[in-house]
Trainee: 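If you scroll down you'll find the structure; I have some questions about it.
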2 protein chains.
Amino acid sequence: MTASTLSEVAKLAGVSPATASRVLNGSARTPAPEIAERVRQAADTLGYIANAQAQALAKSSTGLIGLIVHDIADPYFSAIAQGVQAAARQERRMVLLATTNGTPAEEKEAVAAFAARRAESIVIAGSRSTRSEDARANTELAAELDRYCRNGGRVGVVGQAILGVAETDNYRTIAVPNEQLARDLARDLARTHKGPFVIVAGPEGLTTSDERVTGFQRGLSDAGQPAADVVHVPFNRNGGFDAGIELAWRIKASGQPVPEPRLCIFATNDVMAIGVAAALRDQGLRIPHDASLAGFDDIQWLRDFRPALSTVSLPLEEIGRLATIATLSDDGGPAAVAGSVTLRRSTGSS
Amino acid sequence: MTASTLSEVAKLAGVSPATASRVLNGSARTPAPEIAERVRQAADTLGYIANAQAQALAKSSTGLIGLIVHDIADPYFSAIAQGVQAAARQERRMVLLATTNGTPAEEKEAVAAFAARRAESIVIAGSRSTRSEDARANTELAAELDRYCRNGGRVGVVGQAILGVAETDNYRTIAVPNEQLARDLARDLARTHKGPFVIVAGPEGLTTSDERVTGFQRGLSDAGQPAADVVHVPFNRNGGFDAGIELAWRIKASGQPVPEPRLCIFATNDVMAIGVAAALRDQGLRIPHDASLAGFDDIQWLRDFRPALSTVSLPLEEIGRLATIATLSDDGGPAAVAGSVTLRRSTGSS
DNA sequence: ATGCATTGGGAATGCGCTTTCCCACCTCAT
DNA sequence: ATGAGGTGGGAAAGCGCATTCCCAATGCAT
């Protein structure tokens with residue numbers, strides 16, 4: 001990387017570096033038009049591009065935003081990333097990306113890396129974990145974030161707060177009413193489903209999934225229904241698929257030819273729901289004929305899936321945008337986001 | 001951002017900054033164990049995190065990789081991003097993300113921004129455009145890239161080369177045999193489909209789509225079939241949907257109740273194909289009963305879609321990885337990637 | 001014509017770090 | 001005991017830029 005420097009430009013233009021800096025990178029003081037033009041010419045012929053590193057060092061402000069997600073290929077995260085990116089562009093920042101597979105240990109590493117790069121703010125998306133094997137890493141993550149915040153960094157986290165981080169102005173969380181929405185969903189479903197409910201959830205200790213489970217159970221209870229069975233599998237499509245295979249078995253064993261009342265399956269996110277659907281289909285079961293199915297998130301790419309998936313709509317891109325803006329502005333904008341139950345054909349609606 | 005500095009650590013440890021630097025950030029010279037330990041202690045109590053900006057300035061190497069995509073929320077791009085991210089992590093680099101909506105003008109901006117940040121390499125994904133209104137921006141993009149390369153930056157581009165950039169060692173392109181694969185697909189389809197073919201393509205001038213169209217036509221010709229009609233729509237789900245509505249009309253007008261031979265639709269990417277499928281379904285048509293449908297890319301999230309989509313599989317993540325590695329290593333690793341025709345139920349196969 | 005305020009360019013300093021160069025000290029062979 | 005060679009820490013010079021401070025030149029009022 002041997003690009004030309006400011007002083008080369010200055011020399012060519014016959015001015016001091018100070019003057020060149022003033023004309024090329026907006027300053028309060030504006031040199032004379034004629035000089036400015038000469039500098040610009042020089043910069044142009046040399047193909048000068050300011051060294052952002054050096055500028056950052058001098059001004060101590062980098063224009064960098066760090067984004068941490070579990071998996072950028074997951075549509076849930078890529079939708080959020082889209083929002084972050086949009087907000088960043090609007091605020092003339094660049095985004096630094098890190099993926100962590102959801103492990104707090106890697107999240108901590110990412111925070112440290114962002115801190116080293118002096119990112120002005122960090123947006124963290126993806127469920128927290130309360131599993132005991134993650135406890136230690138979680139503590140370290142919290143410590144790292146805490147240090148980052150104390151040094152003036154700002155962080156916005158999507159969903160749940162990270163335990164152990166001092167709640168300062170530098171630390172915002174965009175609340176996602178997982179529990180409430182799952183509760184709403186359960187109540188809506190209970191209106192038309194008397195049958196047994198079962199929840200296909202992520203690993204125990206994955207906060208997002210846990211919240212949705214809790215909310216759903218509460219909703220069932222509100223409706224006077226008994227609690228649902230919960231099966232825990234990996235929080236992805238294949239986890240859903242595996243659970244689906246087992247559920248298909250249960251369904252087939254429970255009644256012939258169509259068990260009544262039909263099983264109603266709630267998967268704690270859409271991609272798991274898709275996995276469940278694929279498994280049921282593989283086993284010759286039809287949705288919603290043989291079982292009802294609902295998901296959570298309302299992933300855009302799944303809208304053309306059939307039967308159309310009942311789910312809870314979340315403004316994913318907006319969430320990314322809000323989290324980003326929250327870390328950039330001082331006013332406490334909306335720190336929460338709204339979602340809505342969206343019933344479709346997979347639960348026999350519409 | 002008021003983090004503690006190296007010299008603060010040094011002072012606390014009672015050594016010179018040089019020594020502190022040597023122990024904290026790997027150097028050829030290793031200070032005495034006892035001193036090293038003292039420095040490490042000091043760093044720890046101060047919560048020292050090296051300023052990567054300053055390091056970059058001093059060493060002139062940033063450890064940054066720039067990634068340019070059209071739209072990070074598009075599964076095609078997020079799969080590639082996944083690969084880039086994986087390779088970057090493996091090579092201990094961070095990735096800087098930019099989305100451009102596919103416009104060369106924004107791509108140019110992104111390249112300039114990356115150049116300013118002194119990214120060591122840039123990976124560009126997403127179809128080129130040969131549309132006349134993009135000509136000017138393309139030239140500017142090429143100039144920007146050229147300058148970047150001359151300054152020692154390395155770039156890897158997925159798919160087609162960007163015209164006007166000098167082909168140096170710093171500039172690699174990962175070839176995707178779009179044309180050949182589309183040709184293979186056409187030939188395979190022609191084996192079972194005698195019916196009229198129609199291609200739902202992206203805007204004219206979008207190289208990726210154009211290549212796939214050309215290849216498909218060539219394949220039809222190989223099989224002794226007349227050329228397919230081509231309809232141009234936006235290169236996304238909604239473009240496909242719109243085309244699908246029109247095609248449904250055509251199909252219904254052409255015969256009752258089931259037109260024979262059935263129309264065979266080739267959409268130049270999977271998400272368009274999904275749009276087509278949704279439209280046909282909306283219009284009461286069934287796939288493959290009333291028409292066959294094939295896409296391109298084999299997007300992971302669409303595998304559970306039914307009818308299963310015939311398509312051309314591309315190792316998207318691998319492509320991202322290769323493009324990244326190519327910009328990092330000097331040996332000319334594989335500069336091309338293989339794909340394969342994958343026939344599924346949407347064309348009546350299996 | 002003189003003094004003062006104002007304008008605008010340049011010199012110099014520092015951002016936080018790496019690295020070269022220097023030097024004091026020590027070891028060992030003679 | 002003396003000099004060569006080696007070891008390891010520190011001083012200092014940048015890396016490329018922003019910015020403060022200084023100063024010459026200019027404008028204006030008196």
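Predicted model only: the values in this text are computed from it and were never measured. Just so it is clear, the values below take in all heavy atoms, side chains as well, and ignore hydrogens, waters and symmetry mates.
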Trainee: Between Asn51(B) (CG) and dC15(D) (C1'), how many Å, whole number?
Mentor: 13 Å
Trainee: Considering only side-chain heavy atoms of Gln55(A), which listed nucleotide, dG9(D), dT18(C), dA18(D), is closest?
Mentor: dA18(D)
Trainee: Which listed nucleotide (dG10(D), dG10(C), dT19(C)) is nearest to the side chain of Ser16(B)?
Mentor: dG10(D)
Trainee: Please list each protein N or O that sits under 3.5 Å from an N or O in nucleotides 21-26 of chain C, with the distance.
Mentor:
residue, atom, partner, partner atom, Å
dC21(C), N4, Arg29(B), NH1, 3.3

Trainee: Start at the 5' end of DNA chain C and walk down; is the nucleotide closest to Leu57(B) or to Thr19(B) reached first?
Mentor: Leu57(B)
Trainee: Nearest to the side chain of Ala18(A), which nucleotide is it out of dT19(D), dG9(D), dC15(C)?
Mentor: dT19(D)
Trainee: Can you tell if the side chain of Glu144(B) reaches within under 4.5 Å of the side chain of Ile49(A), non-hydrogen atoms only?
Mentor: yes
Trainee: Give the table of side-chain donor-acceptor pairs shorter than 3.5 Å for residues 135-142 of chain A, with sequence neighbours excluded, one pair per line with atom names and distance.
Mentor:
residue, atom, partner, partner atom, Å
Asn138(A), ND2, Ser129(A), O, 2.8
Asn138(A), ND2, Asp134(A), O, 3.4
Thr139(A), OG1, Ala135(A), O, 2.9

Trainee: Choosing from dC17(D), dG16(C), dT18(C), which nucleotide comes nearest the side chain of Ala54(B)?
Mentor: dG16(C)
Trainee: Can you list the residues that meet the side-chain hydrogen bond (donor to acceptor under 3.5 Å, both in side chains) rule with Thr19(A), with sequence neighbours excluded?
Mentor: Ser16(A)
Trainee: Residues in side-chain hydrogen bond (donor to acceptor under 3.5 Å, both in side chains) with Thr208(A), at least two apart?
Mentor: Ser127(A), Gln160(A)
Trainee: Can you pull out how bent the helix from dA1(C)-dT30(D) to dT30(C)-dA1(D) is, comparing the axes over its first five and last five pairs, to 10°?
Mentor: 50°
Trainee: Show me the pairs that pass side chain to side chain donor-acceptor pair (under 3.5 Å) and involve residues 64-74 of chain B, at least two apart or across chains.
Mentor: Gln82(A)-Asp71(B)
Trainee: Ala56(A) near the nucleic acid: base, sugar-phosphate alone, or nothing, with a heavy-atom cut-off under 4.0 Å?
Mentor: nothing
Trainee: Does CD in Glu109(B) sit with more than 12 non-hydrogen atoms of other residues, nucleotides or ligands closer than 6.0 Å?
Mentor: no
Trainee: Examine distances only and state if a side-chain atom of Tyr148(B) and a backbone atom of Arg118(B) form a donor-acceptor pair shorter than 3.5 Å.
Mentor: no
Trainee: Output the rounded distance in Å from CD (Glu37(A)) to C1' (dG8(C)).
Mentor: 18 Å
